[in-house]
Amino acid sequence: MVEESTEKSGRRNRKRARGGDGRVALYGRPDGETQFIERSNEKFEEYYRRQKICPDDEFDKFMEELRVPLGTAFRVTSSTSVKNKIMDLVENKFTKLFDGIELEDGMVILAPKKLLWYPDGLAWSFNVPRPVLRKHEKLKDFQKFITQQNGIGAINRQEAVSMLPPLLLDLHPGQTVIDLCAAPGSKTAQILDALQSPTDSSKPSLIVANDSDLRRCNMLCHQLKRFKCADLLVTNHEAQHFPPCLSFDRVLCDVPCSGDGTLRKAPDMWVKWNHREAHGLHKLQMAIGRRGFDLLKPGGTMVYATCSFNPLENEAVVNSLLNAYGSIIELVDVSDKLTGFKRRDGLITWSVKDTSPDQTWYTSIEQVPEHRRRSVVESMFPPAESAPTSLLLKRCVRVVPHDQDTGGFFVAVLRKSGDAPVVDTVATEGSARVPRQRPDTRNRRGYNNLLSSDPLARINEVNPTLAKEIKEFYGFEPEWVMKGVYSKSSEKQSKKLSFIPEKGQKILDEFVYAPDLKQQLRVLSAGVRGFEKCPRDGAECSYRIAFDTLHILLPVLTKRVIYVKKETLSALLQVSQSLLFDKVDDEETRKEIERVSVGAVVFRKESSDDCLIMWRGKVSLTPLMPKDEVEFLCFKYDLPNPVKTPLVGSDVAPEGAQQRIDAKDEEEPVRDDEVGE
């Protein structure tokens, strides 16, 4: 009965969205007004009818679905410790908020539903466009919940079809992976999640997130920082010219495309669309695909993806790769993957429309006049019926919106043969090509933020005294700990020390800082924050361990750790400024605090990795936690947040959340969220 009701609501929504005059509301204008836009384009409809991207009897349904605004989707981070709590809240609390909601235009809001094809059912979708979700009063709590959980990395807002490429990469901890066109970073975040093994840290991975635009790279650094992944490097290269100095187990080529598969969430494209853009991108997409495949190790897998319907950007590019690499490349059949997801076979025939004024259609390169063959090239055409690649193209995955209420998408999974020759990763002659950049008036410091412009150096080498001080203060025994701690070589006493694992260190040593480099990697970010300077007197070590690296160093932290009960940790989480020693309720914990010297202390919950970092002063404790981590732990333990209003979903009310204790040491230590990047 529920399914029948949902289906009827869906049909009614499509009629309402279409409207009597063919217009659709475009929400979210800065002035608060609703703008109406015509969701139609005769050239678009004529072009794709000719390409037969779906059967003729379905085409009207395809167009009808494109005119319906795209809903919202999100996935729960599989490695978060609050995964089950989030799933329970969404399923048993927030779905009830959607009962009986109808918008002014008659559109019925449906409750979130699980994407059953996503592993462990950790992804959800609902038919509310994001602008509507932000402004609707009844959905205010749900919108706030999604925003807060997204901010701490427990939830990731991501279009449903955008989740496909990482799932089809067949990711496992220990692999080296590159996302060649990574910004804005949702797929990279999904890759990070898949490669993080909460049970086995003996398989360190390496993830390279690359983008050609430095401004987008800076955004990548910011977006991915919330995952605290030390195995991540952010680089700035044109994807088609990425230096061939590294090789990877997995490569993601989510290439720049015309993007007409996103019409449902970007309605302004109805006005802008034309077929010329696909012509302009075809050669670039082929170049990126080839460089990506060259970077693959033998036996490795590459996923080529676009959010376009156009075969010139999709099957034509895949066909050119199959022809270029012959016996060492395989187009993988993934029809048995992602059970429950509806997909279409790739096209094996299509036509090419010229960009010249007469806009002639061609079905083969032989029909193209000689004077047009520089613009209309052979690689744009489908293979002949007798060609070995012809039927193989059916293994590509096409996603059309009317199958499962999604955007449009294209995916091809390509594998390099295990006996393929190993590509020589020694850098070739000539320096790496520097991507052209757009001027950024918002960044007063300009673009001089590459690690090569302000080099990092091992703290063991630039300040061995400080390295010994940190090692002895925290009781680090393994040599790999201090070997991975880096300082900016331009600063004698860096405020921030970075921690970079072994794989990242090797890349910096060989391809960023090595002398006489023929090709240098343009690296913007490597590792995570390791230690930060605290301007306090009386401490044996003036550097405190940063929360970003605590999960890595906790197993080898033999000093400055106090194990506490859940009740004690919960009480300490409520401290917003300072807490006198004699105000600590647990006597055993109080004795441990008095026993340790002045400096940073880690309070670790018994039989758990949940921790709180505080500064042990002369008479009191002061929290040293990032605000988002305080929010996370308070949400996990159903506690009021001492920083601000608790996360939505917590079972406690905000009253009393701003606990303050009038006890201070001589000077406030610097907090994680106050330290400049």
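Each residue takes its place number in the sequence, starting with 1. This one's a predicted model, so the numbers in the text were calculated from it and none came from an experiment.
Residues Val251 and Leu180 have side chains in contact (heavy-atom distance under 4.5 Å, counting atoms from C-beta outward). Residues Ser542 and Glu469 have side chains in contact (heavy-atom distance under 4.5 Å, counting atoms from C-beta outward). Side-chain contact between Phe248 and Met302 is absent, with no heavy atoms from C-beta onward closer than 4.5 Å. Residues Leu573 and Leu612 meet the side-chain proximity criterion, which asks for heavy atoms closer than 4.5 Å. Side-chain contact between Trp615 and Val598 is present, with at least one heavy-atom pair separated by less than 4.5 Å. Counting heavy atoms from C-beta on, the side chains of Val481 and Tyr474 never come closer than 4.5 Å. Between Glu532 and Tyr543, the closest side-chain pair of non-hydrogen atoms is not below 4.5 Å. Counting heavy atoms from C-beta on, the side chains of Met625 and Val630 come closer than 4.5 Å.
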Ile207 and Asp179: CA distance, side-chain angles, deciding distance, side-chain contact (heavy atoms from CB on, under 4.5 Å) verdict = CA-CA 8 Å; Ile207 306 98; Asp179 186 349; over 6 Å; no
After noting the C-alpha distance and the side-chain angles of Asn156 and Thr77, does the key distance pass the side-chain hydrogen bond (donor to acceptor under 3.5 Å, both in side chains) rule?
-> CA-CA 7 Å; Asn156 300 271; Thr77 304; 2.8 Å; yes
Working for side-chain contact (heavy atoms from CB on, under 4.5 Å), residues Gln149 and Ile152 | CA-CA 5 Å; Gln149 295 297 333; Ile152 61 177; 3.4 Å; yes
Output, in order, the C-alpha distance, side-chain angles, deciding distance and verdict of side-chain contact (heavy atoms from CB on, under 4.5 Å) for Val523 and Leu450.
-> CA-CA 6 Å; Val523 179; Leu450 296 172; over 6 Å; no
Given Leu621 and Ile593, is the side-chain contact (heavy atoms from CB on, under 4.5 Å) satisfied, shown in steps?
-> CA-CA 9 Å; Leu621 298 170; Ile593 294 171; 3.6 Å; yes
Give the C-alpha distance, both sets of side-chain angles, the deciding distance and a yes or no for salt bridge (charged side-chain N to carboxylate O under 4.0 Å, His left out) between Glu479 and Lys471.
-> CA-CA 10 Å; Glu479 292 185 4; Lys471 179 179 180 180; over 6 Å; no
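At a cut-off of 3.5 Å, with distance as the only test, a side-chain donor of Tyr486 or Arg458 sits close to an acceptor on the other residue. Gln143 and Thr147 form a side-chain donor-acceptor contact under 3.5 Å, judged by distance and modelled atom types alone. Neither side chain, Ser78 nor Asp120, offers a donor N or O lying under 3.5 Å from an acceptor on the other. Under 3.5 Å, the side chains of Glu540 and Ser597 contain a donor-acceptor pair of N or O atoms. Remark: the Thr176 side chain and the Asp249 side chain contain an N/O donor-acceptor pair separated by less than 3.5 Å. Side-chain polar atoms of Asp193 and Ser79 form a donor-acceptor pair below 3.5 angstrom.
Scanning both residues, Asp170 and Gln175, for their nearest heavy atoms gives O-NE2, 3.5 Å. Shown here for Arg291 and His241, the closest heavy-atom pair between the two residues is NH1-C, 3.6 Å. Ser494 approaches Ser487 most closely through the heavy-atom pair OG-OG, 2.6 Å. Closest heavy-atom contact between Arg590 and Phe581: CD-O, 3.2 Å. When all heavy atoms are compared, the tightest approach of His551 to Asp548 is CE1-O, 2.9 Å. A pairwise comparison of heavy atoms in Ser578 and Thr622 identifies OG-OG1, 3.2 Å as the closest pair.
In this structure, Asp585 places its CG atom where only 12 or fewer heavy-atom neighbours from other residues, nucleotides or ligands lie under 6.0 Å away. Enclosure of atom CD in Glu594 by more than 12 non-hydrogen atoms of other residues, nucleotides or ligands within 6.0 angstrom is indicated. For Lys503, the NZ atom is densely surrounded, since the number of other residues' heavy atoms within 6.0 Å is greater than 12. Atom CD of Glu502 is surrounded by 12 or fewer heavy atoms from other residues, nucleotides or ligands within 6.0 Å.
Leu521 CG to Leu508 CG: the interatomic distance, rounded to the nearest 0.5 Å, is 9.0 Å. Considering CG of Leu220 and CG of Asn236, their distance stands at 10.5 Å, rounded to 0.5 Å. The line from CE of Met482 to CD1 of Ile459 is 7.0 Å long, rounded to the nearest 0.5 Å. Here Thr589 contributes atom OG1 and Phe603 contributes atom CZ; the two are 7.5 Å apart, rounded to the nearest 0.5 Å. The distance from the CG atom of Leu252 to the NZ atom of Lys187 is 7.0 Å, given to the nearest 0.5 Å.
When each of Lys636, Lys605, Arg604 is paired with Asp610, the side-chain hydrogen bond (donor to acceptor under 3.5 Å, both in side chains) condition holds for Lys636 and for no other.
Under a 3.5 Å cut-off, the side chain of Arg226 and the backbone N or O of Gln223 do form a donor-acceptor pair. Judged by distance alone, with hydrogens and angles left aside, the side-chain atoms of Thr80 form no donor-acceptor pair with the main-chain N or O of Ala154 at under 3.5 Å. Under a 3.5 Å cut-off, the side chain of Ser162 and the backbone N or O of Gln158 do not form any donor-acceptor pair. The closest donor-acceptor contact from the side chain of Thr549 to the backbone of Ala546 lies at 3.5 Å or more, if one exists at all. Between the Asn210 side chain and the His237 main chain, a donor and an acceptor come within less than 3.5 Å of each other. In this structure a side-chain-to-backbone donor-acceptor pair under 3.5 Å is missing from Arg529 to Ile545. A donor-acceptor contact shorter than 3.5 Å is absent between the side chain of Thr568 and the backbone of Val564. Checking side-chain atoms of Arg616 against main-chain N and O of Gly599 turns up no donor-acceptor pair under 3.5 Å. With hydrogens and angles disregarded, a donor-acceptor distance shorter than 3.5 Å links the side chain of Ser205 to the backbone of Gly174. Looking at Tyr513, its side chain does come within 3.5 Å of a backbone N or O of Leu456 through a donor-acceptor pair.
A salt bridge is absent between Glu477 and Lys559: the closest approach of a Lys/Arg side-chain nitrogen to an acidic carboxylate oxygen does not fall below 4.0 angstrom. Under the 4.0 Å criterion applied to side-chain N and carboxylate O atoms, Glu588 and Lys591 are not assigned as salt-bridge partners.
Judged by a 6.0 Å distance limit and a 45° cone about the ring axis, Lys85 is positioned over the six-membered ring of Phe635.
Classified by interplanar angle (parallel below 30°, tilted 30° to 60°, perpendicular above 60°), the ring pair Phe74/Trp124 is parallel.
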